[in-house]
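Atoms within a ligand are numbered from 1 in the order they appear, just like the ligands themselves. Please read all numbers here as calculations on a predicted model, not as lab measurements.
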Amino acid sequence: MSTIASRLLGPGVRLLRVALSQDCVLCGAETNDVPLCKPCRAELPTLARACPSCAMPNRLGETCGTCLRRAPPFDRTYAVWRYAYPVDRLVQALKFHGRLALAPFFADAFGPVIERPHAERVDILIPVPLHPERLAERGFNQAAEIARHLIARTRGHAMPLRIESRAARRVRRTLTQARLPFDQRASNVHGAFACSTDLKGARVAVVDDVMTTGATLAELANVLKRAGAASVENWVVARTID
Ligand SMILES: [Zn+2]
Ligand SMILES: [Zn+2]
């Protein structure tokens with residue numbers, strides 16, 4: 001609003017505008033587009049064309065050589081952004097600094113995935129579970145927060161998604177994957193999950209904040225398929241590209 005316009009509209013409008021605007025979580029500029037101002041939003045690193053199985057980018061958006069040689073246990077992966085600046089800061093702000101306002105922002109960013117008919121490929125959302133000790137330390141599961149907001153966005157659908165936060169459990173506390181060399185990540189998560197829910201015939205989307213090597217998501221997909229899931233896809237906020 002221009003200075004002249006706000007002078008004409010009086011102090012009430014100016015106060016309202018101040019009350020509605022907040023600081024952008026990235027650059028600190030005052031904005032009405034919480035949690036990110038428009039210029040910061042425009043700079044987020046998108047993942048345009050990528051392998052439909054593992055979300056690694058490639059020019060034609062075809063199944064990559066790695067997935068052709070050995071198909072992963074999950075059927076598809078959809079990643080909104082590359083895990084690079086400033087998305088890494090946003091993910092860390094949610095996870096380690098409890099900026100819960102970022103969860104609905106991430107849910108909105110899934111865009112077409114949660115629209116019909118895409119979302120109707122899926123019956124159940126399962127957030128990647130945290131080990132109970134880690135959940136107690138953090139106070140919330142960032143994947144469950146994002147999943148909750150995704151569910152809210154499909155309420156008007158003919159077949160709304162359900163969330164099954166307790167279908168899978170983390171039964172073994174693992175080392176943080178990011179601290180391990182790539183070749184140790186699969187063994188680090190082996191046996192990390194259990195599922196005692198009957199998922200017979202269910203089409204599942206697993207929700208997570210970051211996919212790095214995919215070892216955690218592969219382990220979880222195996223467990224969910226053993227529990228009867230007909231298909232498992234991953235919906236992740238960001239994908240690490242090496
Ligand atoms: Zn900004
Ligand atoms: Zn692939």
Just say parallel, tilted or perpendicular for the rings of Trp81 and Phe105, cut-offs at 30° and 60°.
->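 Judged by the thresholds at 30° and 60°, the geometry between Trp81 and Phe105 is parallel.
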
Intermediate values then yes/no, side-chain contact (heavy atoms from CB on, under 4.5 Å), Val171 and Phe193 | CA-CA 5 Å; Val171 289; Phe193 299 105; 5.8 Å; no

Minimum-distance pair of heavy atoms, taken over all atoms of Phe140 and Leu94 =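 So the two residues come closest at CZ-O, 3.0 Å.
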
Looking at Val87 and Arg82, what are the two nearest heavy atoms and their distance?
->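 Nearest pair, atom of Val87 first, then Arg82: CB-O, 3.7 Å.
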
Using a distance threshold of 2.8 Å, what protein N/O/S atoms lie below it relative to the Zn ion (ligand 2)?
->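 N, O, S partners closer than 2.8 Å: Cys51 SG, Cys54 SG, Cys64 SG, Cys67 SG.
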
In one Ile/Leu/Val/Met/Phe/Trp/Tyr side-chain cluster, 4.5 Å: Val210, Leu150 =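 Val210 and Leu150: one cluster.
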
Passes side-chain contact (heavy atoms from CB on, under 4.5 Å), Val122 versus Val204? Steps please.
-> CA-CA 6 Å; Val122 166; Val204 176; over 6 Å; no

Which protein N, O or S atoms sit under 2.8 Å from the Zn ion (ligand 1)?
->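 Result, waters dropped: Cys24 SG, Cys27 SG, Cys37 SG, Cys40 SG.
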
Are Val236 and Asp209 close enough that some pair of their side-chain heavy atoms sits under 4.5 Å apart?
->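 Heavy-atom side-chain distance check fails, nothing below 4.5 Å.
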
Please assess Glu233 against Arg121 for the test salt bridge (Lys or Arg N to Asp or Glu O under 4.0 Å), listing each intermediate value before the final yes or no.
-> CA-CA 10 Å; Glu233 51 184 82; Arg121 256 194 345 231; 3.0 Å; yes

Would you mind telling me which of Arg138, Arg173, Arg170 makes a side chain to side chain donor-acceptor pair (under 3.5 Å) with Glu133?
->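 Exactly one candidate clears the test, Arg173.
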
